[in-house]
Amino acid sequence: MKQLVNSLKGDKGIWSFVALLALFSFMPVFSASSNLAYLGQGNGNTLGYLVKHIAHICIGFSIIYWVHKVPYHYFRAISKVGLPVVWILLAYTLIKGTVIAGANASRWIQVPFIGITFQTSTLASMVLFIFVARYLSKTREEPVTFKSSLWELWVPVFITLMFILPANFSTTALIFSMILMLTFIGKYPLKYIAVIIGSGIVFLAFFILVAKAFPDSRFFSRVGTWGNRIENFTTDKPDEDDYQIEKAKIAIASGKIYGLGPGKSVQKNFLPQSSSDFIYAIIVEEYGILGGLGVLSLYLLLLFRFVIASHKANTLFGKLVVIGLGFPMIFQAMINMAVAVELLPVTGQTLPLISSGGSSIWMTCFALGIIISVTKKEEEIAQELKDAAKREEALQKLIDRELEEEVVIEGDYSIEDKATNPMHAVFK
C-alpha cells in the first residue's frame, strides 16, 4: 500500500479530497438504493447495488491512475481529432439512444457485447472543454478576430451543443456557461463574448419555436418538460417534479442537525431518484446539516485545490485545462445541492463521485486524471529545479574544497623558508 501511495504523483490534496468523497459515497448509495432494490428485485436487498457502486469507483480510480501518467499536452491533439467522433456518438444517441432509471430522455447508448450504458454528453463536454482550452492557448499571442474565432471555435462548440440540447437542456446550459467562463479567463474579447451570448439566446428561442411547431416530434419531446419544470418551480402547481422536491425537503427537514443515522432514511423509499439526482437530500436526512455541510466543504476544498493547481501551471493550456475540467464538477455539485433545497428547478444533474452511476463516475475520474497530470507536470518541473539547485550546490562545494586544498599545497611549497638553516653560521 505504501508503495502504491508513493507512486501517486501530482497534487496530493486533490487525491485526498477525491478519495474522501468516493469513500463517503458508499454508505449513502447503500442506503438510498432500497427503492431500486424493491423495484428491480422485489426484496429490498441493496448489497448488489453497493458492490456495483464499489466496482464503478474502483474502475474510476484505475482510470485516474493511468490517465495521470499521460503527459497532459497529448490531449491537445486528441481534442481536435475527438470532436468529430463525439458528434457521431451524439447523433447516434439522439436516434438510437436508450433511457434508464425512469428518465424520459434518450441520453445513453449501450456498448455492444458488454451491456454497459454510456452517457455520451459527459464525454462530449470533456472533449469540448479541452478543445476550447487548446484554441485559447494557441491564439493567446496572436490578435483574435471574430470571423476567425467564429469558424475555428464557436461553430464546433454550437454543433456539439446542438446535438446535446434536444435531450438534455441542463447539461447544455452548464457546458455553455463553463465555455463562456473559460473564454473570459482566456482573455477572449468581451465584445465577442456578448455577441456569442446573444446568438445563443436567439438560437435557443428558434429551437423552442420549431419545437412548438412540431410538438409530436421525438427530437422536441423534452421542450414541454423544460417549460413545465420552470412553471412548476415558479408556481405551486403539483406534478412529478414537485413531488420529488417535496420529498427531498421533507428528508432535509427530518435530518435536523445530526441526522437520523446511517441507513435510517425514510424518504429514500419515496424518492424515485434517491441514489442519483436527490442523494444529497438522503445525506442530509441521515447525517444532518453537519453531514451536508461536510460534503459541501469537501467540494469547496476541491475547488480551492483546482484554483491552486491552475495558478501553479506554467502554461496557459495547463491553466485552462484545470479550470475547464475542474470547475464544471464543482458547479454540477452545487446545482445538485441547490435542486435538493429548491433553489433551482429539477435539472437531472448528479452529485459527482457520490451519486450512483457508471459512465458519469468514469468520465469524472478521467477528467480528474487529466487535472492531476497537469499538477504532476508542474511537480516534476519543480523537482527538476530542486535537483538542479542541489547539483549546483554540490558542485560549488566541490569547487570550494578544491580551492582550499590548492591553498594548503601552495603553503607547503612556499618559496619563503622560515626554518632555521644549520649552515647559516658558516656562510655568514
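Numbering of residues begins at 1 and proceeds along the displayed sequence.
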Can you give the donor-acceptor pairs under 3.5 Å from side chains of residues 320-336 to other protein atoms, not counting sequence neighbours?
residue : atom : partner : partner atom : Å
Gln332  : NE2  : Thr350  : O            : 3.0
Gln332  : NE2  : Thr350  : OG1          : 3.2
Asn336  : ND2  : Asp277  : O            : 2.8
Asn336  : ND2  : Gln349  : O            : 2.7

Query raised in the report: Does the side chain of Tyr135 come within less than 4.5 Å of Ile130's, by heavy atoms?
Result: no

Query raised in the report: Looking at side-chain heavy atoms only, is the closest gap between Phe203 and Met162 below 4.5 Å?
Result: yes

Query raised in the report: Short question: side chain of Lys52, backbone of Ser356 - any donor-acceptor pair under 3.5 Å?
Result: no

Query - Side chain to side chain, Leu353 and Leu368, heavy atoms closer than 4.5 Å - result: yes

**Report entry** Separation of Ile95 CD1 from Leu90 CG (nearest 0.5 Å)
**Finding:** 11.0 Å

Query raised in the report: Sequence neighbours excluded, which residues qualify as ring-ring contact (aromatic ring centres under 6.0 Å, His included) partners of Phe146?
Result: Tyr192

Requested in this report: Determine, step by step, whether Tyr287 and Phe24 satisfy the ring pair (Phe, Tyr, Trp, His ring centres under 6.0 Å) criterion, reporting the C-alpha distance in whole Å, the side-chain angles of both residues, the deciding distance to 0.1 Å, and the verdict.
Outcome: CA-CA 11 Å; Tyr287 300 93; Phe24 175 77; 5.4 Å; yes

Query raised in the report: Looking at side-chain heavy atoms only, is the closest gap between Lys268 and Ser31 below 4.5 Å?
Result: yes

Query raised in the report: Roughly how far apart are Ile252 CD1 and Ile289 CD1, rounded to 0.5 Å?
Result: 9.0 Å

Requested in this report: Kindly determine whether Ser265 and Glu285 satisfy side-chain hydrogen bond (donor to acceptor under 3.5 Å, both in side chains), including the steps that lead there.
Outcome: CA-CA 6 Å; Ser265 167; Glu285 184 181 12; 2.5 Å; yes

Report summary line: Partner of His68 under ring-ring contact (aromatic ring centres under 6.0 Å, His included), picked from Phe366, Trp15, Phe61, is Trp15

Query raised in the report: With a 4.5 Å heavy-atom cut-off, do Arg134 and Phe131 have their side chains touching?
Result: yes

Report task. Would you mind listing every side chain to side chain donor-acceptor pair (under 3.5 Å) that reaches into residues 320-330, with sequence neighbours excluded? Result -> none

**Report entry** Donor-acceptor contact below 3.5 Å, side chain Ser275 vs main chain Ser33
**Finding:** no

Query raised in the report: Are side-chain heavy atoms of Phe75 and Ile78 found at a separation under 4.5 Å?
Result: yes

Requested in this report: Answer whether the closest heavy-atom distance between the side chains of Phe163 and Ile159 falls below 4.5 Å.
Outcome: yes

Requested in this report: Apply side-chain hydrogen bond (donor to acceptor under 3.5 Å, both in side chains) to Lys69 and Ser373, showing your working.
Outcome: CA-CA 6 Å; Lys69 290 181 171 294; Ser373 177; over 6 Å; no

Query raised in the report: Do the charged groups of Glu286 and Lys264 touch, with an N to O distance under 4.0 Å?
Result: no

